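Please read these numbers as outputs of a predicted model, since none were measured by experiment. These numbers come from the heavy atoms of this one structure, side chains and all, not from hydrogens, waters or symmetry mates. Sequential numbering from 1 along the given sequence is applied to the chain's residues.
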Amino acid sequence: MLVSLALMGPNPTTAIHRPQTGVGGADTPLRVMVVGDSMSQGMEGDWTWRYRLWEWFRHQRVAVDFVGPYRGTKQPDAPAGPPSPPTLQGEVRENPSVTDPPVAGAYAQGVPAGFDSDHFAVWGRQAAQDKDLIGPMVAQYRPDLVLLGLGFNDMGQLASDATGTLDSVKTLVDRARAAKPDVRFAVANVPHRPLIDGRQDLIVKTTQFNIMLKNAVPTWSTLASPVKLVDWEGAYGCDTNVCPAGYDKLHPNALGEFQIAYAYARTLHDDYGIGQLVPDIPATIPRRPISPVSGLAAESVPSGVKVTWDPVFGARGYTVRHRRAGTTKWRTTQVGTNRYDATWTEDGRTWEYQVRTDNGTDGESVWSSTVSVTAHPETAAPPGDISSLPHAGAARFGFSAWGRVSQQTT
């Protein structure tokens, strides 16, 4: 789709004017809010389809202002630390708040500093969740146009079936419109992904949802607030068998980002008259850099062995391989952060480790050098402050463990 700046003629950084589209004045920037999930937010090191669409606006000399509460991609998860002891009876551990999502990740190193990256797209987000959040967002940021890409997680995470997902999307549209009666919509259908064992239902639900959405979208429009369909499924190189557009059989790689941007640009051009043309997908797609791991270290810890290394920018994950010293067969484990903990170790046994960056279908780095460590695991200290008292025809035992107190009745 989006060809390079060098092929677009005059310098796109000069004054940008968009043709009259009925959404604000000709010289007024079009306020665009991207509402979506992980496929719209992107992971650290991604270009994102939002960037490719922003490029298209600039190439078409359409003044645009992307709006929303967030600016970044999903940053890598922090290493979780050593394995936690099991919870005691009645103990509850807190989960991260959905009101504080990970949105501080950077973009690909080639993305210019001037990229207007404001958005409302969050990793793992469902339409069922955003329908309760969209009203205040639209009221605050006043978008002229909402680009919506939700629904996969509703069905993929078993939150709803196709009908329930459609209801959530319709409710989201209604509540956005209630906050701004003249807001316009470009609503995307849901892409397929290769079959997951035991999840044939996801293929069925996705097909049902896309058919129902196509039939429903024309009935959702009003004169002031039209709704148009974006054929994400048709543009995206991913189906129930293969997914060359996704690095993990779902999330877009650099090719997939162009394809999704193309789908939105096609709707904006054909249905809203925005831009003069929609170029084809470029023949040459930028490759994601894959840097090797450095700073690898292994040490014996009470839980077993801790292996750490310097985080690699843009790494989608890592592969750790390990073997007993003196043997030749490696065993591998996939991890998402720059730490690996081995807990099934014997005292005095020496282990060897190597790590490489693993970016899925985007490729892998070379293996790191080898580090070795002799494990000296420690068992937990015995409970203290043991007491027993009669209790209503039974006995109550109390003891302390790991700095906590537990009581059991028998």
- Item | salt bridge (charged side-chain N to carboxylate O under 4.0 Å, His left out) between D341 and K306, worked out | CA-CA 5 Å; D341 286 275; K306 179 179 75 173; over 6 Å; no
Using 0.5 Å steps for rounding, measure from the [atom1] atom of [X] to the [atom2] atom of [Y].
X	Y	atom1	atom2	result
Y236	R193	OH	CZ	10.0 Å
Q200	I203	CD	CD1	4.5 Å
W232	T267	CH2	OG1	12.0 Å
S303	W344	OG	CH2	12.5 Å
R339	W309	CZ	CH2	10.0 Å
L250	F152	CG	CZ	4.5 Å

Do any N or O atoms from the side chain of [X] and from the backbone of [Y] form a donor-acceptor pair under 3.5 angstrom?
X	Y	answer
Q354	S369	no
S300	H376	yes
Q126	L150	no
D271	K228	no
S168	G164	yes
T327	R323	no
D231	G234	yes
W49	M39	yes
N189	N210	no
Q60	L277	yes

What's the shortest heavy-atom distance between [X] and [Y], and which atoms?
X	Y	result
D362	R287	O-NH2, 3.7 Å
L133	P136	O-CD, 3.3 Å
Y141	P69	OH-CA, 3.2 Å
P143	V138	CD-O, 3.6 Å
P102	Q75	C-OE1, 3.0 Å
P226	L223	CD-O, 4.3 Å

- Run the side-chain hydrogen bond (donor to acceptor under 3.5 Å, both in side chains) check on T319 and Q334 step by step: do they pass? CA-CA 5 Å; T319 301; Q334 303 291 323; 3.1 Å; yes
- I would like to know whether L213 and L166 meet side-chain contact (heavy atoms from CB on, under 4.5 Å); could you show each step before the answer? CA-CA 7 Å; L213 182 69; L166 187 71; 3.8 Å; yes
- Query: Under 3.5 Å, is there a donor-acceptor pair linking the side chains of R177 and S225?
  - Reply: yes
- Using only heavy-atom distances, determine whether the side chains of T350 and T374 contain a donor-acceptor pair under 3.5 Å. yes
- Would you confirm whether the ring centroid of W54 sits within less than 6.0 angstrom of the ring centroid of H59? no
- Message: Test side-chain contact (heavy atoms from CB on, under 4.5 Å) on K214 and L229; report intermediate values, then the result.
- Response: CA-CA 7 Å; K214 181 178 180 180; L229 181 69; 4.0 Å; yes
So, do [X] and [Y] sit near enough that their side-chain heavy atoms are less than 4.5 Å apart?
X	Y	value
T357	N359	yes
L148	V169	yes
V307	V305	yes
F313	E44	yes
R50	Y107	yes
F120	V34	no
T206	E233	no
D144	V183	no

- Fit a plane to each ring of Y51 and F115, take the angle between them on a 0 to 90° scale, and name the class: parallel (under 30°), tilted (30 to 60°) or perpendicular (over 60°). perpendicular
- Message: Is the ring pair Y353/H322 parallel, tilted or perpendicular, if the boundaries are 30 and 60 degrees?
- Response: tilted
- Query: How far apart are the C-alpha atoms of T332 and V320, what are their side-chain angles, what is the distance that settles it, and do they pass the side-chain contact (heavy atoms from CB on, under 4.5 Å) test?
  - Reply: CA-CA 6 Å; T332 61; V320 179; over 6 Å; no
- Task: Give the C-alpha distance, both sets of side-chain angles, the deciding distance and a yes or no for side-chain contact (heavy atoms from CB on, under 4.5 Å) between M33 and F66.
- Result: CA-CA 6 Å; M33 177 182 284; F66 279 68; over 6 Å; no
Less than 4.0 angstrom from a charged side-chain N to a carboxylate O is my criterion; do [X] and [Y] meet it?
X	Y	answer
R58	E55	no
D37	R125	no
D182	R184	no
D46	K74	no
R71	D118	yes

- Task: For atom CZ of R324, decide whether the heavy atoms of other residues, nucleotides or ligands shown that lie under 6.0 angstrom number more than 12.
- Result: no
- Task: Please report the C-alpha distance between R316 and D248 in whole Å, then the side-chain angles of each, then the deciding distance to 0.1 Å, and finally whether the salt bridge (charged side-chain N to carboxylate O under 4.0 Å, His left out) criterion is met.
- Result: CA-CA 9 Å; R316 303 193 192 280; D248 61 353; over 6 Å; no
- Given side-chain hydrogen bond (donor to acceptor under 3.5 Å, both in side chains), test H251 with S38 step by step and report yes or no. CA-CA 8 Å; H251 295 92; S38 56; 2.7 Å; yes
- Task: Under the salt bridge (charged side-chain N to carboxylate O under 4.0 Å, His left out) rule, what do D201 and R199 come out as? Steps first, then yes or no, please.
- Result: CA-CA 5 Å; D201 67 293; R199 289 304 310 271; 2.7 Å; yes
- Check step by step if side-chain hydrogen bond (donor to acceptor under 3.5 Å, both in side chains) holds for H192 and T207. CA-CA 8 Å; H192 279 286; T207 300; 3.2 Å; yes
